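Below: one structure, written as structure tokens.
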Amino acid sequence: MAGRAGPGTLELREVHRFPNRPVRVGGTLHWDVLALHRGVLDGLRAAGPVDGVGIDGWAVDYGLLDAGGALLGNPVHYRDTRTEGAPAEVDALLPPKELYAATGLQRLPFNTVYQLVAARGTPQFAAARRLLMIPDLISYWLTGVAGTEITNASTTQLVDPRTRDWSPVVAGRLGIDLGLFPPLRSPGDPAGLLLPEVLAETGLTGPVPVTAVGSHDTASAVVGVPAVDEDFAYIATGTWSLAGLELARPVLTEASRAANFTNELGVDGTVRYLRNIMGLWLLQECLRTWEARGTPQDLAALLAGAAGAEPLRSVVDAGDPAFLAPDDMPRRIAEACARTGQPEPRTPVEITRCVLDSLAPAHRRAVEEARALSGRTVRTVHIVGGGVHNTLLCRLTADAIGLPVVAGPAEAAAFGNVLVQARAAGVVGGSPADLRALLRATQPLRHYDPAGDRAAWDEAAERIGTGRGKEDGTCV
């Protein structure tokens with residue numbers, strides 16, 4: 001994405017799109033990170049002259065480098081099964097209550113600490129001298145400068161959200177060498193210059209600075225929320241739905257841990273107090289399954305059909321770990337409905353409606369519990385990310401929560417990335433309020449007012465339970 005920002009100006013242009021296809025080799029699911037780097041280089045070439053570069057991506061996963069800085073194999077995908085049993089190993093060394101009190105992170109079976117415990121004893125891990133989160137790895141290949149951006153570092157479950165620094169207690173108890181991580185850096189910090197070979201490869205003329213942004217894409221997306229004041233909740237939609245609040249300080253209570261909320265670090269000293277919900281992954285996997293069966297579906301037609309389908313006929317727990325791995329998603333959704341005595345959705349339209357009817361109450365639970373646990377007032381819910389284009393999901397979310405929903409921008413992460421870069425360069429205002437005002441002034445937004453029968457949503461919520469996280473690592 002190429003962005004242009006300045007006083008009264010904020011624009012994005014997609015310049016290159018490339019696939020991100022995980023690869024299973026020897027029973028392990030990997031990221032094809034060299035293909036991703038190739039896509040980044042091609043994108044920089046397509047972008048033409050640029051004044052700077054910022055990189056954001058997903059959380060928890062990492063690459064290991066040897067003493068010479070070479071990558072020790074393709075990074076393992078967080079949906080791989082290698083972490084099975086790792087949470088129990090960590091619990092034996094550091095009980096869940098103590099781990100949460102120290103880091104405030106939601107219990108997810110693929111958190112970086114569990115990946116590191118699972119990787120211990122492997123030849124690759126023994127040879128590793130440096131660990132880089134995925135966006136930091138791409139940045140390193142572009143600049144030759146290694147760093148650990150703080151918003152993504154906080155997803156490792158090794159950072160104390162109060163000090164915004166590593167937790168030596170957690171690392172020590174788990175036997176993790178913090179020396180593997182290069183120095184921490186914050187959004188807005190310089191991250192190096194594009195290397196001469198990168199300039200030659202992309203046709204760019206240097207010097208081109210790389211600036212640290214909220215490298216966890218959700219951290220950038222929250223910067224891209226066009227809120228008027230602090231009384232808002234956000235739902236960053238895509239493969240996952242990240243639903244929660246922007247706070248000044250973490251919530252580390254036992255009630256927060258029991259509800260499985262996470263305290264990830266945000267831009268400008270903020271905390272992203274949120275819950276991970278399985279998100280549109282459910283529908284994405286259905287689409288992939290239907291295509292593999294030779295019955296591909298048109299998404300627009302599915303959504304139009306779902307809008308006219310019977311509402312709340314069947315709902316599932318969008319946090320059920322049974323939905324985490326890639327597999328036959330339509331079958332798993334039907335089985336979940338059967339287990340709870342509900343009609344099994346059979347047709348693609350029925351399954352699509354079930355998915356959206358299930359995500360809306362999951363969004364409702366997250367917003368209501370975040371509000372209760374933090375004491376924060378919420379008057380508006382902002383939906384950003386790919387789900388902005390799904391008008392049915394936005395409408396159902398407003399109806400389920402009972403609050404106005406503002407949808408947009410869809411490319412909130414890219415806007416947040418560009419805004420942090422532009423602020424570091426001194427071309428836009430400095431406060432988060434300034435950045436959000438620029439978003440509101442330049443980006444189209446859509447408003448949804450709640451309607452319908454609240455009692456119907458209450459009944460649907462009863463069918464799928466409280467949705468709270470459980471000690472077994474349920475992802476909600």
Side-chain angles (χ1 to χ4, degrees), residues 22 24 27-31 57-62 64 75-122 125 131 133-134 152-159 167 170-171 173-176 216 218 238-244 256-264 272 274-279 281-282 284-285 316-327 329 332 336 362 365-366 465-476:
R24 192 174 297 280
T28 300
L29 190 64
H30 294 274
W31 294 107
W58 66 94
V60 304
D61 288 336
Y62 58 85
L64 296 173
V76 178
H77 195 297
Y78 65 85
R79 293 189 192 272
D80 185 71
T81 58
R82 69 171 176 163
T83 56
E84 290 181 359
E89 290 186 52
V90 170
D91 291 349
L93 298 168
L94 191 60
K97 289 184 180 181
E98 294 182 38
L99 182 57
Y100 191 86
T103 66
L105 214 66
Q106 178 181 3
R107 184 179 176 91
L108 295 168
F110 47 72
N111 285 346
T112 312
V113 288
Y114 303 134
Q115 295 197 43
L116 293 175
V117 167
R120 281 198 301 219
T122 63
F125 196 76
L131 185 155
M133 308 299 286
I134 297 297
N152 218 341
S154 72
T155 72
T156 63
Q157 213 163 9
L158 290 167
V159 169
S167 170
V170 172
R173 294 275 289 276
L174 299 181
I176 295 172
H216 185 191
T218 309
T239 300
W240 292 89
S241 284
L242 296 312
S256 178
R257 184 192 72 85
N260 215 16
F261 273 83
T262 202
N263 292 269
E264 297 171 357
R272 290 174 287 128
L274 60 89
R275 174 183 285 162
N276 287 49
I277 301 163
M278 207 70 72
W281 161 257
L282 300 173
Q284 292 164 1
E285 272 298 284
V316 299
D317 180 1
D320 190 333
F323 300 133
L324 180 62
D327 196 1
M329 190 64 75
R332 284 183 283 167
R365 288 197 306 269
T466 64
R468 291 194 174 195
K470 304 173 182 67
E471 290 295 326
D472 60 2
T474 296
C475 312
V476 290

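These numbers come from the heavy atoms of this one structure, side chains and all, not from hydrogens, waters or symmetry mates. Everything quoted here is computed from the prediction, not taken from an experiment.
Looking at heavy atoms from C-beta onward, R332 lies out of side-chain contact with V316 at the 4.5 angstrom threshold. Annotation: side chain of N260 is not in contact with side chain of Y100 (no heavy-atom distance under 4.5 Å). Using a 4.5 Å cut-off on side-chain heavy atoms (C-beta onward), R79 and L29 make contact. Within the 4.5 Å cutoff, side-chain heavy atoms of R272 are placed close to those of S154. Within the 4.5 Å cutoff, the side chain of Q284 has no heavy atoms near those of the P326 side chain. Between V117 and L93 there is no side-chain heavy-atom pair separated by less than 4.5 Å. Here the side chains of E285 and D327 are not in contact, with every heavy-atom distance at 4.5 Å or above. The closest side-chain heavy-atom distance from M278 to D317 is not below 4.5 Å.
Distance CG/L242 to CG/L274: 5.5 Å, rounded to 0.5 Å. To the nearest 0.5 Å, atoms NE2 (H77) and OG1 (T28) are separated by 12.5 Å. Rounding to the nearest 0.5 Å places CG of L116 at 9.0 Å from CG of L174. Taken from OG1 in T155 to CG in L105, the straight-line distance is 7.0 Å, to the nearest 0.5 Å.
Closest approach of R173 and P95 over heavy atoms only: NH2-CD, 3.9 Å. When all heavy atoms are compared, the tightest approach of V159 to A153 is CG2-O, 3.5 Å. Of all the heavy atoms in A102 and S167, the pair that sits closest is CB-OG, 4.5 Å. In terms of heavy atoms, A318 sits closest to L282 at CB-CD1, 4.3 Å. Here the closest heavy-atom approach between residue N152 and residue A59 is recorded as OD1-CA, 3.2 Å. Here the shortest heavy-atom pairing between V60 and T112 reads O-OG1, 2.8 Å.
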query: Does the pair Q157 and Y114 meet the rule for a side-chain contact (heavy atoms from CB on, under 4.5 Å), with working shown?
result: CA-CA 9 Å; Q157 213 163 9; Y114 303 134; 4.1 Å; yes

query: Between F323 and M329, does a side-chain contact (heavy atoms from CB on, under 4.5 Å) hold up when you go through it step by step?
result: CA-CA 7 Å; F323 300 133; M329 190 64 75; 3.7 Å; yes

message: Run D91 and R107 through salt bridge (charged side-chain N to carboxylate O under 4.0 Å, His left out) and show every step you take.
response: CA-CA 11 Å; D91 291 349; R107 184 179 176 91; 2.9 Å; yes

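Without hydrogens or angle criteria, S241 side chain to I277 main chain gives no donor-acceptor distance under 3.5 Å. Checking side-chain atoms of N111 against main-chain N and O of Q106 turns up a donor-acceptor pair under 3.5 Å. Listed for the W58 side chain is no donor-acceptor partner under 3.5 Å among the backbone atoms of I134. Distance alone, capped at 3.5 Å, places no donor-acceptor pair between the T83 side chain and the A86 backbone.
Between W240 and Y78, the ring planes lie tilted relative to each other; the angle falls in the 30° to 60° range.
The side-chain contact (heavy atoms from CB on, under 4.5 Å) with Y62 is formed by just one residue from the set T156, V76, L131; it is L131.
For Q115 and D61, the side-chain atoms include at least one donor-acceptor pair closer than 3.5 Å.
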